Amino acid sequence: MEVLDILIVGAGPIGLNCALEAKKNNLTHVIVEKGTIVNSLYHYPLYMRFFSTAEKLEIDSTPFISTAPKPGRQDALEYYQGIARQKDLNIHLYEKVLKISKNNDLFDIETTKSTYQARNVIISTGFYDIPNTMNIPGEHLPKVKHYYTEPYPYARQKIVVVGSSNSAVDAALETYRKGAQVTMIIRHSEISKNVKYWVKPDIENRIAERSITAHFNSELIEIKEHTVVFRDEHHQIHEIENDFVLAMTGYLPDFDFLRNSGIDLQGDCLNPVYNSETMETNVKNLYLAGVVCGGKDTHLWFIENSRMHADLIVKNILLQQ
């Protein structure tokens, strides 16, 4: 079996950037990805636009050309998948990594299709695969959606949107404009300050004019076949008619996978232990890159500020050779 210099788990933008750095430095590598290239971006809402401008999403000094001030999902798919094709990166798709084990100075990596050995492993798996569940009765019902793609299925339906972040606001506005009756259930006292600055006035104005109903300081407590039950800021219980629940409550990294790989997790946010100068975890030669570094705080790292992880990791690997 060939011993790879680097095995990278995840073909997102940062995983691709790690592979590009490995290739430039003549390090043998493979990316193992459970879905398609930039799989998380592929599953974003169809009309999603990034907060960042195109140049801040670039990797490997390859220009990201976009006709819009803020690139959208399709722009990003074209860009990142185009880089993977042009640079002929070694990527194994639709293959999930099941286990990473350290055996002396080498890692044994077991996947759904094969086994590998590598001197170094980079985990760059993002956080979009595991919904942050509400853990309430009825959350398992088919009408509950933790992923939102487009508004058309919700025309003329009674929609409850849970949350106040970008994904929740986008879902509320888009479904409202396609004829849905939208109610937002929001734990906090206001729309999140992190909502895109060009969208925030829109949602606030729609709430102010009561085109969209918003219950602040409120909590969904039960989902039924044709209704939902929530507690308002005065601790009163309400039950309203409902066809669909869009639970935009965020997503989490696969903490079990990190633990089983030997990585220590600390604090309430389950922050993975790593050296910020090298991105090496408490397991020697096992590295983290991208959003996964933030634990439950998934707003800490994103493409724009984690592109540098690839350079830090590869420099440290070369120093140890």
Side-chain angles (χ1 to χ4, degrees), residues 10 12-17 37-83 124-129 131-132 146-151 161-177 184 186-188 190-207 212 214 246-253 269 289-310:
I14 307 306
L16 296 178
N17 206 28
I37 300 167
V38 289
N39 192 63
S40 292
L41 298 187
Y42 172 73
H43 287 99
Y44 277 5
L46 298 184
Y47 309 107
M48 187 277 296
R49 292 211 165 271
F50 285 87
F51 191 95
S52 301
T53 53
E55 70 273 10
K56 294 182 179 180
L57 300 174
E58 292 174 357
I59 58 175
D60 195 43
S61 300
T62 301
F64 187 156
I65 306 301
S66 173
T67 56
K70 306 285 186 180
R73 166 187 172 275
Q74 187 169 357
D75 299 317
L77 289 174
E78 290 287 346
Y79 175 71
Y80 294 116
Q81 292 207 1
I83 286 177
S124 183
T125 48
F127 70 98
Y128 200 58
D129 296 323
N132 188 17
H146 285 282
Y147 293 90
Y148 168 78
T149 54
E150 59 180 339
V161 177
V162 183
S164 66
S165 63
N166 279 296
S167 57
V169 168
D170 286 346
L173 287 170
E174 289 182 9
T175 53
Y176 154 69
R177 292 200 162 99
M184 299 183 74
I186 299 168
R187 281 180 175 268
H188 306 292
E190 60 183 359
I191 294 295
S192 171
K193 291 181 170 61
N194 294 321
V195 169
K196 291 170 280 197
Y197 65 84
W198 65 93
V199 175
K200 195 166 185 284
D202 189 1
I203 187 65
E204 290 174 338
N205 288 333
R206 301 296 74 73
I207 291 170
I212 291 175
L246 302 181
M248 303 291 98
T249 50
Y251 308 94
L252 298 172
C269 284
V291 177
V292 70
C293 299
K296 286 186 178 180
D297 191 355
T298 54
H299 297 289
L300 184 63
W301 293 102
F302 39 95
I303 299 170
E304 182 177 328
N305 69 350
S306 60
R307 296 176 295 180
M308 62 185 183
H309 292 171

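Since we're looking at a predicted model, the values are computed, not measured.
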> In terms of heavy-atom contacts, does NZ of Lys200 have more than 12 from other residues, nucleotides or ligands at under 6.0 Å?
Replying inline: yes
> With under 30° as parallel and over 60° as perpendicular, where do the rings of Tyr147 and Tyr128 fit, or are they tilted in between?
Replying inline: perpendicular
>> If you define the side chain from C-beta out and look only at heavy atoms, does anything of Arg177 sit under 4.5 Å from Arg206?
In response: yes
>> Quick one, Ile191 and Ile207 - any side-chain contact, counting heavy atoms below 4.5 Å?
In response: yes
>> Going by the rule salt bridge (Lys or Arg N to Asp or Glu O under 4.0 Å), which residues pair with Glu150 if we only count those two or more places apart in sequence or in a different chain?
In response: none
> Does the pair Phe51 and Asn194 meet the rule for a side chain to side chain contact (heavy atoms under 4.5 Å, CB included), with working shown?
Replying inline: CA-CA 10 Å; Phe51 191 95; Asn194 294 321; over 6 Å; no
Output a table of donor-acceptor pairs, distance under 3.5 Å, between side-chain atoms of residues 291-305 and any protein atom two or more places apart or on a different chain; print 'none' if there are none.
from, atom 1, to, atom 2, distance (Å)
Glu304, OE1, Ser52, OG, 2.6
Asn305, OD1, Phe302, N, 2.9
Asn305, ND2, Leu300, O, 3.2

> Knowing that exactly one of Val38, Ile37, Leu57, Ile83 qualifies, which makes a side-chain contact (heavy atoms from CB on, under 4.5 Å) with Pro13?
Replying inline: Val38
Could you tell me the separation between the [atom1] atom of [X] and the [atom2] atom of [Y], rounded to the nearest 0.5 Å?
X	Y	atom1	atom2	value
Thr249	Asn132	OG1	CG	5.0 Å
Asn39	Thr125	CG	OG1	12.0 Å
Met248	Ser165	CE	OG	8.5 Å

>> Between Phe50 and Lys56, does the side chain to side chain contact (heavy atoms under 4.5 Å, CB included) criterion hold? Intermediate values first, please.
In response: CA-CA 10 Å; Phe50 285 87; Lys56 294 182 179 180; over 6 Å; no
> Do Lys196 and Asp170 meet the salt-bridge criterion of a basic N to acidic O distance under 4.0 Å?
Replying inline: yes
